[in-house]
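Okay, so here's the structure we're looking at.
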Protein chains: 2
Amino acid sequence: MTDRPMRDPADEDLTRVDSLAHEIFAGIANKWALLIVNVLGKDTLRFTELHTRIDGISHKMLTQTLRHLERDGLVDRFVHAQIPPRVDYHLTTAGQELRATVNGICGWTRRHLDHVEAARNRFDAGQ
Amino acid sequence: MTDRPMRDPADEDLTRVDSLAHEIFAGIANKWALLIVNVLGKDTLRFTELHTRIDGISHKMLTQTLRHLERDGLVDRFVHAQIPPRVDYHLTTAGQELRATVNGICGWTRRHLDHVEAARNRFDAGQ
DNA sequence: CGGCATCCCCCAGGATACTG
DNA sequence: CAGTATCCTGGGGGATGCCG
């Protein structure tokens, strides 16, 4: 938004709010984006399929997040010229690479359900 | 909030909004939580150190997110009985495990700065 | 079916200030 | 220095409706 040209890529840092790196990171580090990347996996899914597979996401957020991922080159969008419309989504190579590490977080979550639950009980017990 | 007892761990699914897995995942899948985990790394840092290392985070969000991570058993909190107060934060074993994959996302971001920038230019060019 | 625009509400989260 | 509490605003995000 503000004009801030000629930024040296070397000083791009995730922890600098005004850096490109931080901005890209922030756009990905939210549950809907990560879930979409995870659910897409290696598949090619159409809009409605994603919508049904990702419980709780609104029509609007799905569209919006998919646009964002497409713009950042994580998702390819294929529009079939037919009625009714059919639009397919697929992870790009870069998207696939991200998916690999996102799956790590998903896996971690599933493996630590009990750990977290126990920690919460302990924490809540001591106020 | 709603009483939903006796949930079979087997049907815990990240994509079910009312599942424990989704709730835990959602609490972690946001930029501040991930950045804190990343910045903490293997170090032991006090509140102020975190605050200065993570540009842009407010006092309130840092406290709040640290509490959340502590409650979920990702962060250990050490309060030194002294004046002025000194509070140290350190990743638990579970936190370290998560950090490994979070670093993957951070690394991915840094490696794909150019890719994303180019994709954005292409996207914006075609409207 | 999928996209986009509109309306609108709620709360995430920033700013500020007071304690121990 | 660290934590908690209060206030207040912006925009995230849901609901709805209309197009191609």
Side-chain angles (χ1 to χ4, degrees), chain A residues 1-2 15-18 22-23 25-36 39-40 43-71 75-90 123-124 126-127, chain B residues 1 15 17-18 22-23 25-36 39-40 43-71 75-90 123-124 126-127:
Chain A
M1 295 308 153
T2 61
T15 64
R16 296 284 144 205
V17 277
D18 56 355
H22 182 94
E23 201 252 316
F25 180 79
I28 292 169
N30 69 78
K31 73 169 182 175
W32 292 135
L34 295 183
L35 275 182
I36 289 175
V39 167
L40 264 180
D43 298 339
T44 296
L45 299 177
R46 50 194 301 185
F47 185 88
T48 309
E49 289 173 325
L50 281 167
H51 195 241
T52 49
R53 291 198 196 193
I54 303 177
D55 181 53
I57 194 170
S58 68
H59 187 95
K60 178 182 173 180
M61 282 313 294
L62 182 54
T63 309
Q64 188 171 305
T65 309
L66 281 171
R67 280 294 161 281
H68 185 88
L69 294 176
E70 185 195 357
R71 190 172 108 96
V75 164
D76 276 332
R77 180 166 172 267
F78 304 99
V79 182
H80 301 264
Q82 63 183 56
I83 301 284
R86 177 194 180 93
V87 182
D88 289 333
Y89 292 93
H90 184 77
F123 184 90
D124 295 343
Q127 278 83 349
Chain B
M1 294 307 152
T15 65
V17 278
D18 57 354
H22 181 94
E23 202 253 316
F25 180 79
I28 292 169
N30 68 77
K31 73 169 182 176
W32 293 134
L34 295 183
L35 275 180
I36 289 175
V39 167
L40 264 180
D43 299 340
T44 295
L45 299 176
R46 51 193 301 185
F47 186 86
T48 309
E49 289 173 324
L50 281 168
H51 195 247
T52 48
R53 292 197 195 194
I54 303 177
D55 181 54
I57 193 170
S58 68
H59 187 95
K60 178 181 174 180
M61 281 313 293
L62 182 55
T63 309
Q64 187 171 305
T65 309
L66 281 170
R67 281 289 163 285
H68 185 87
L69 295 176
E70 185 196 359
R71 190 171 107 97
V75 164
D76 274 332
R77 179 166 173 268
F78 304 99
V79 181
H80 301 264
Q82 63 183 55
I83 301 284
R86 175 193 182 93
V87 181
D88 290 333
Y89 292 94
H90 184 78
F123 184 90
D124 295 344
Q127 278 87 353

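These figures come from a predicted structure and were not determined experimentally. In what follows, every chain begins at residue 1, and chains take the letters A, B, ... in the order their sequences are listed.
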Among residues 53-65 of chain A, which residues get a heavy atom nearer than 4.0 Å to DNA chain D? A/S58, A/K60, A/M61
Ring centres under 6.0 angstrom apart (A/H68, B/F123): no
To the nearest angstrom, how far is [X] atom [atom1] from [N] atom [atom2]?
X	N	atom1	atom2	result
A/H51	C/dG3	NE2	C1'	13 Å
B/L66	D/dC1	CG	C1'	14 Å
A/L45	C/dC1	CG	C1'	15 Å
A/H80	D/dG20	NE2	P	22 Å
A/R71	C/dG3	CZ	P	17 Å
B/R86	D/dC1	CZ	P	11 Å
A/L50	C/dG3	CG	P	10 Å

Tell me, with the steps shown, if A/E70 and A/R67 meet salt bridge (charged side-chain N to carboxylate O under 4.0 Å, His left out). CA-CA 5 Å; A/E70 185 195 357; A/R67 280 294 161 281; 3.7 Å; yes
Would you say [X] places a side-chain N or O within less than 4.0 Å of OP1 or OP2 belonging to [N]?
X	N	result
B/R77	D/dG3	yes
A/R67	C/dG3	yes
A/Y89	C/dG3	yes

Short question: side chain of A/D76, backbone of A/H90 - any donor-acceptor pair under 3.5 Å?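 Checked: no pair found.
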A/V39 and B/T15: which non-hydrogen atoms are nearest, and at how many Å?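 Nearest heavy atoms, A/V39 then B/T15: CG2-CG2, 3.9 Å.
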Of all the heavy-atom pairs spanning B/L45 and B/R53, show the shortest one and how long it is. CD2-NH2, 3.5 Å
Check B/D43, B/T65, B/L62 against B/L50 for a side-chain contact (heavy atoms from CB on, under 4.5 Å) and give me the one that passes.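 The residue from B/D43, B/T65, B/L62 that satisfies side-chain contact (heavy atoms from CB on, under 4.5 Å) with B/L50 turns out to be B/L62.
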Base, sugar-phosphate, or nothing: which does A/P84 touch, judged by heavy atoms less than 4.0 Å apart? sugar-phosphate
First locate atom CG of A/L34, then atom CZ of B/F25, and finally report the distance between them rounded to the nearest 0.5 Å.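 The CG atom of A/L34 sits 4.5 Å away from the CZ atom of B/F25.
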